[in-house]
Structure formats: structure tokens, C-alpha cells
2 protein chains.
Amino acid sequence: MSVDAFAVLAEPTRRRILDRLRRSESSVGDLVDALGMSQPAVSKHLKVLREAGFVTCRTAAQQRIYRIDTRPLRAVDEWLGPYRRMWAAHLDALERHLDSQE
Amino acid sequence: MSVDAFAVLAEPTRRRILDRLRRSESSVGDLVDALGMSQPAVSKHLKVLREAGFVTCRTAAQQRIYRIDTRPLRAVDEWLGPYRRMWAAHLDALERHLDSQE
DNA sequence: CCGTCATATGCCTGTCAAGGAATACAAGCC
DNA sequence: GGCTTGTATTCCTTGACAGGCATATGACGG
């Protein structure tokens, strides 16, 4: 959980991993196939994701099955909160404007 | 708009700039004072933010006044959408569980 | 135990971004 | 037109990854 969530998400490959894990949990090998990248590279990204809390893994026989944990993403969502209020306010204003125009 | 939004947000200083601009638009000098960083460093971050669409600037006399544009943040918000549905689903499930327990 | 499959780790190299110092540019003022 | 103020740009150095290859670790089957 040491590294900043945004820094973790800054890497496109890691977002691809998350996008894939969103659909179903996967073994490292599955991800290697899906991403077309070397196994060490994938394992390293998984390590970063794991240490930042984005994924958890369980051992199943000789494989490690990775699975999303949404908690860090919720933190990002909360960071967005105040900004979301900004554009919500603008949309409201636009709406009022359009209403007054009709 | 060339650089990836997440890469832009990965830099803590840039998030600090956005957090400050969220409260009020500011000149470069204001930001330099607020961040305690060299003026060139701030200007460079502003350039990155500008090129990625996070801020716009207008010229006022000899100053440049920077202001937030929330569009790229809305894009981030949309990227979060599917994940948000994940944890929303979990919360719903938890709620149903608690309801069934009462 | 030993070989094998699945994954993790170390080492190396190349790339890229951040920050400081110096400098260039641009707009106002006298 | 020089001078000052505010901001952008350039050059340089340094540090942080990302990715590949080789190798270590770990779990299973015979």
C-alpha cells in the first residue's frame, strides 16, 4: 500500500490488467497470454498492484489467481468528489439556463 | 491533450495545483508561493496540465491566470464507471444481507 | 527425491520525467 | 527606448521505472 494510487494507474499496462481482472479473476499465465508480454513483466506489474492494494491473490495448486480489490479505486473516486461537484454545479447551471430559454 | 490523464495526475505536485485551482483561479506567482517551489518548476507543471486540458489560462496584464477545466477529470470519472458498479454491487449485496439478518 | 510447471526475483540497459540555474520572451511603466 | 515584473523555455543532472533475459523459488506428480 506504499505507492500512490495514481502512480500505479499511470501505467497503461496496469490499467489493462485491471480491466481484464474486472471481467474475471485470472492466473498470471492467463494475463501473460492476454497482454502479449513477458511473464516477468506481468509479475512485476502484479507486484506493484498487489502492494498498492489493487489486487489480491490466492494460491490454487501451482498457480496464483489474481482478483481485483476495489478499495484503492474507491479512494480515487473520493479524490474526484470535490471536482465532480464542480461539474455537477455547471450542469445544473446549464440546465437552469436551458429551462429559462424554453 | 497528448498525454494520458492518469500520467498527468500521477505527479503529486500537479494534483496540489489542481486542488488549489479548485478553490480559485490563480496566477503563476500565486501558485509558486502556495507550493513553495521554483517558478520554472511550476510553469512546467502548468504546461503539462494545459496540454492535457486540465487547465486553461488567460492573460491579464503581465500575469497568466490559470483556471481548471474539468473535462479530463470527467474522463477519469468515466473510466471509473465499471469499477464503481463493482463496488456498488457489493454494497447492495451487503445491504441485502443485513436486511435478511434483522 | 527429481523433473516440471507456474510464478517471482535480480541484474542490466534504455528511456523519460522532474527540478534547479540561467536565460529568453512579453507586457507594462517611466 | 530602457527597466522592471511575470512567465516561459533551455540545458543539465539525477533518479525512477519498464522491459528483457537469466535465474531462483515453490508446488505438484511420479
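Atom set for the values below is all heavy atoms of this structure, side chains included, hydrogens, waters and symmetry mates excluded. Every chain is numbered from 1 and lettered A, B, ... according to where its sequence line falls, protein lines coming before strand lines.
- A straight line from CD1 of I65(B) to P of dT5(D) spans 18 Å, rounded to a whole angstrom.
- If you take CD1 of I17(A) and C1' of dG19(D), they are 13 Å apart, rounded to a whole angstrom.
- A straight line from CG of D4(A) to C1' of dC17(D) spans 15 Å, rounded to a whole angstrom.
- Side-chain nitrogen and oxygen atoms of T13(B) include at least one within less than 4.0 Å of the OP1 or OP2 phosphate oxygen of dG19(C).
- Using a 4.5 Å cut-off between side-chain heavy atoms of Ile, Leu, Val, Met, Phe, Trp and Tyr, with links allowed through other members, I65(B) and F54(B) fall into different hydrophobic clusters.
- When rounded to the nearest whole Å, the span between CD of Q63(B) and C1' of dG28(C) equals 12 Å.
- At least one donor-acceptor pair under 3.5 Å links the side chain of R14(A) to the backbone N or O of V8(A).
- The side chain of H45(B) contributes no N or O atom lying less than 4.0 Å from OP1 or OP2 of dA17(C).
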Going 5' to 3' through nucleotides 20-30 of chain D and flagging B where a protein heavy-atom sits under 4.0 Å of the base, S where only the sugar-phosphate is that close, and - otherwise, we get BBB----SS--

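- Using modelled atom types, one side-chain atom of R15(B) and one backbone atom of L9(B) make a donor-acceptor pair closer than 3.5 Å.
- Closest contact between the side chain of S43(B) and the listed nucleotides dT7(C), dA8(C), dA8(D) involves dA8(D).
- In this structure, K47(A) atom NZ and dA6(C) atom P are separated by 22 Å, rounded to whole Å.
- For the pair L46(A) CG and dC17(D) P, the interatomic distance rounds to 17 Å; values are reported in whole Å.
- For the pair R22(B) and D19(B), the salt-bridge criterion is met [side-chain N within less than 4.0 Å of a carboxylate O].
- Between I68(A) and L18(A), the shortest heavy-atom contact is CD1-O, 3.5 Å.
- Of the possible donor and acceptor atoms, one in the side chain of R84(B) sits under 3.5 Å from a partner among the backbone N and O of D77(B).
- No side-chain heavy atom of V48(B) sits under 4.5 Å from any side-chain heavy atom of V3(B).
- Listed pair Y66(B) / dA8(D) meets the phosphate criterion, a side-chain N or O lying under 4.0 Å from OP1 or OP2.
- Going from atom CG of L49(B) over to atom C1' of dA18(C) covers 14 Å, rounded to whole Å.
- What separates CG of L35(B) from P of dG19(C) is a distance of 10 Å, to the nearest Å.
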